[in-house]
Amino acid sequence: MSTSPYTLYGVSENTASLAKTADEAVSSVYDRIDEIKTYNQLRILEVFRKHKFSEVHFSSTTGYGYDDLGREKLEAMFAEIFGAEAGYVRMQISSGTQAISSMLYGLLRPGDELLAVTGRPYDTLASTIGLSEETYDGSLMNFGITYNEVELTPSGDPDFEAIKSSINDKTKVVFIQKSRGYTGRRALLCSDIKAIADLVKSVKSDIIVAVDNCYGEFTEKQEPCAVGADICAGSLIKNPGGGICTTGGYVVGKKDLVEKVAQRITAPGLGSHVGPTLGFNSRIAQGIFMAPHVVAECLKGAVFASKMFELSGLSTSPSSDEVRGDIVQTITFNDDKKLVDFCGKIQACSPVDSFVTPEPWAMPGYEDEVVMAAGTFVQGATTELSCDGPIKPPYIAYMQGGLVSEQARLAVMLALS
């Protein structure tokens with residue numbers, strides 16, 4: 001009789017046995033994830049208690065959304081959870097790209113320079129900055145904002161000497177992308193962000209340190225604003241939405257900077273005062289409350305995948321025992337057909353559209369064709385199990401999410417079977 005329930009779904013006995021070996025090898029890593037989860041869960045619970053969050057805060061506003069008590073309460077709680085002075089949390093923000101773009105537009109003015117210190121930002125920001133092949137009217141560069149970037153070192157660490165020498169009188173915002181994006185480099189940790197912030201402030205004290213926090217929330221015990229970042233932004237259909245939010249984004253940081261961003265999203269003079277919640281407060285509240293548990297499930301699925309593929313001779317990043325700063329796991333296939341096939345296995349193990357076969361396509365905002373598996377309850381929600389990758393050498397699959405780790409485990413085992 002089989003000792004693994006996964007064999008009932010087509011997993012071979014050999015793969016099930018390999019999974020047991022993998023679990024034993026990374027048991028201490030699972031323990032480390034659980035310890036971070038418990039810390040963050042109790043920390044967030046205490047914020048709810050401290051702010052006396054109540055059912056009255058579930059109430060809804062429409063139209064302009066003036067005097068929304070629940071929204072104001074949630075934004076104060078987000079600020080404390082993320083170690084910031086103020087928060088702007090809105091369902092009107094539909095993606096992480098919108099939140100980050102709005103952050104940059106809110107902070108930068110003609111003649112300023114944006115300095116990215118973690119290399120080229122994620123593909124979808126290329127149009128915002130003005131780096132894409134197609135010139136978009138309204139990019140930062142179109143508005144007279146200059147751009148410069150510093151690559152990470154070959155080992156994936158910040159290049160402090162290069163950062164220091166790149167700062168000039170026009171440098172207004174230093175931009176940090178915490179997650180790896182579509183690259184093979186490691187995700188940054190809060191210790192890296194603190195070191196960058198300390199350095200740039202020592203060179204030019206009025207520089208604004210802005211962080212793209214997507215995929216990185218609650219993977220550690222601290223968040224960027226708690227270690228020296230001035231402002232950071234992300235999406236509620238990623239980590240902080242806990243798999244419950246169906247749309248939305250957030251910006252947290254210093255109060256004056258957050259308000260600048262709010263005025264960019266709404267209008268000067270209106271800023272954070274408008275924005276109806278339409279009954280969405282309960283989803284945001286429950287999402288941020290559940291986030292540490294959901295992120296832990298994502299991380300456990302990623303660690304399992306990493307170890308299983310390592311045991312099978314494939315190159316993975318992060319390694320199974322590496323300390324993680326985001327929920328993304330890469331597997332290098334060196335073959336376009338294997339990349340597409342693996343994404344197909346992820347899709348087949350999804351609760352939504354499991355019968356669909358993903359095919360590469362020219363996805364808006366990306367330079368290359370992308371194959372994407374995402375059988376999710378919320379479109380584009382990367383805390384739900386998804387996998388994608390650009391169709392270009394070395395054909396890397398970027399796997400992320402998993403509201404329940406069992407789903408990721410099944411997909412990985414079926415792929416190896």
Side-chain angles (χ1 to χ4, degrees), residues 1-41 186-187 215 218-220 239 243 292-335 338-351 354 373 375-376 382-387 389 396-417:
M1 181 178 291
S2 171
T3 58
S4 172
Y6 292 97
T7 58
L8 299 174
Y9 297 91
V11 172
S12 70
E13 290 284 0
N14 285 341
T15 303
S17 177
L18 187 68
K20 185 176 180 180
T21 300
D23 281 331
E24 291 172 351
V26 296
S27 62
S28 62
V29 182
Y30 293 156
D31 290 343
R32 184 171 70 212
I33 292 169
D34 281 335
E35 197 270 330
I36 293 171
K37 173 193 70 177
T38 300
Y39 179 88
N40 283 327
Q41 189 64 67
R186 70 177 178 88
Y215 306 101
F218 308 122
T219 58
E220 303 180 76
N239 302 18
H293 266 262
V294 169
V295 170
E297 287 292 287
C298 294
L299 291 174
K300 287 180 180 179
V303 168
F304 176 78
S306 181
K307 191 61 183 180
M308 287 290 280
F309 284 116
E310 285 171 5
L311 292 172
S312 303
L314 289 175
S315 174
T316 67
S317 180
S319 63
S320 57
D321 60 353
E322 191 173 337
V323 175
R324 293 170 182 255
D326 69 3
I327 62 170
V328 181
Q329 179 64 49
T330 72
I331 307 102
T332 301
F333 289 103
N334 293 307
D335 184 306
K338 289 181 179 179
L339 167 61
V340 173
D341 181 65
F342 180 64
C343 288
K345 292 296 191 297
I346 295 289
Q347 188 73 38
C349 292
S350 299
S354 61
T376 58
T382 46
T383 39
E384 299 185 55
L385 183 62
S386 62
C387 186
I396 299 174
Y398 295 82
M399 187 183 101
Q400 59 266 318
L403 300 178
V404 292
S405 59
E406 290 81 1
Q407 181 191 2
R409 293 171 68 88
L410 176 62
V412 168
M413 284 192 272
L414 282 179
L416 290 174
S417 290

Trainee: Is any side-chain heavy atom of I327 closer than 4.5 Å to a side-chain heavy atom of L299?
Mentor: yes
Trainee: Looking at D34 and K300, is there a salt bridge between them, counting it only when a charged N and a carboxylate O are closer than 4.0 Å?
Mentor: yes
Trainee: Would V412 and F304 satisfy side-chain contact (heavy atoms from CB on, under 4.5 Å), going step by step from the backbone distance to the final call?
Mentor: CA-CA 8 Å; V412 168; F304 176 78; 4.2 Å; yes
Trainee: Contact between M308 and L18 at the side-chain level, heavy atoms closer than 4.5 Å - yes or no?
Mentor: yes
Trainee: Ring-plane angle category for F342 and F309, please: parallel below 30°, perpendicular beyond 60°, tilted otherwise.
Mentor: perpendicular
Trainee: What's the verdict on side chain to side chain donor-acceptor pair (under 3.5 Å) for S12 and T15, showing C-alpha distance, side-chain angles and the deciding distance?
Mentor: CA-CA 5 Å; S12 70; T15 303; 2.8 Å; yes
Trainee: Do side-chain atoms of Q329 reach the backbone of Q400 as a donor and acceptor pair under 3.5 angstrom?
Mentor: no
Trainee: Between E310 and S320, is any side-chain donor less than 3.5 angstrom from a side-chain acceptor?
Mentor: yes
Trainee: Please evaluate residues C349 and E406 with respect to the criterion side-chain contact (heavy atoms from CB on, under 4.5 Å), reporting the C-alpha separation (whole Å), side-chain torsions for both, the decisive distance (0.1 Å), and the verdict.
Mentor: CA-CA 10 Å; C349 292; E406 290 81 1; over 6 Å; no
Trainee: Between L385 and L403, does the side-chain contact (heavy atoms from CB on, under 4.5 Å) criterion hold? Intermediate values first, please.
Mentor: CA-CA 7 Å; L385 183 62; L403 300 178; over 6 Å; no
Trainee: Does T332 reach the side chain of T316, with side-chain heavy atoms less than 4.5 Å apart?
Mentor: no
Trainee: Please check if the side chain of S350 supplies one atom and the backbone of Q347 the other of a donor-acceptor pair under 3.5 Å.
Mentor: yes
Trainee: Quick one: does V404's side chain get under 4.5 Å of Q407's, heavy atoms only?
Mentor: yes
Trainee: Do E220 and I36 touch side chain to side chain, with heavy atoms closer than 4.5 Å?
Mentor: no
Trainee: Main chain of S4, side chain of T7: is a donor-acceptor contact present, judged purely on distance under 3.5 Å?
Mentor: yes
Trainee: Kindly check if the number of other-residue, nucleotide or ligand heavy atoms within 6.0 Å of NZ (K338) is above 12?
Mentor: no
Trainee: Is there side-chain contact between E297 and K37, with heavy atoms separated by less than 4.5 Å?
Mentor: no
Trainee: Do the non-hydrogen side-chain atoms of K307 and V29 ever get within less than 4.5 Å of each other?
Mentor: no
Trainee: Under a 3.5 Å distance rule, please check whether S317 uses its side chain to pair with a backbone N or O of I331 as donor and acceptor.
Mentor: no
Trainee: Which residues pass the side chain to side chain donor-acceptor pair (under 3.5 Å) test with Y39, sequence neighbours left out?
Mentor: none
Trainee: Using only atom types and a distance under 3.5 Å, with no angle test, would you say the side chain of S417 pairs donor to acceptor with the backbone of M413?
Mentor: yes
Trainee: Tell me whether S312 contacts the main-chain N or O of L314 through its side chain, where contact means a donor paired with an acceptor under 3.5 Å.
Mentor: no
Trainee: Tell me, do T219 and N239 make a side-chain contact under 4.5 Å, heavy atoms counted?
Mentor: yes
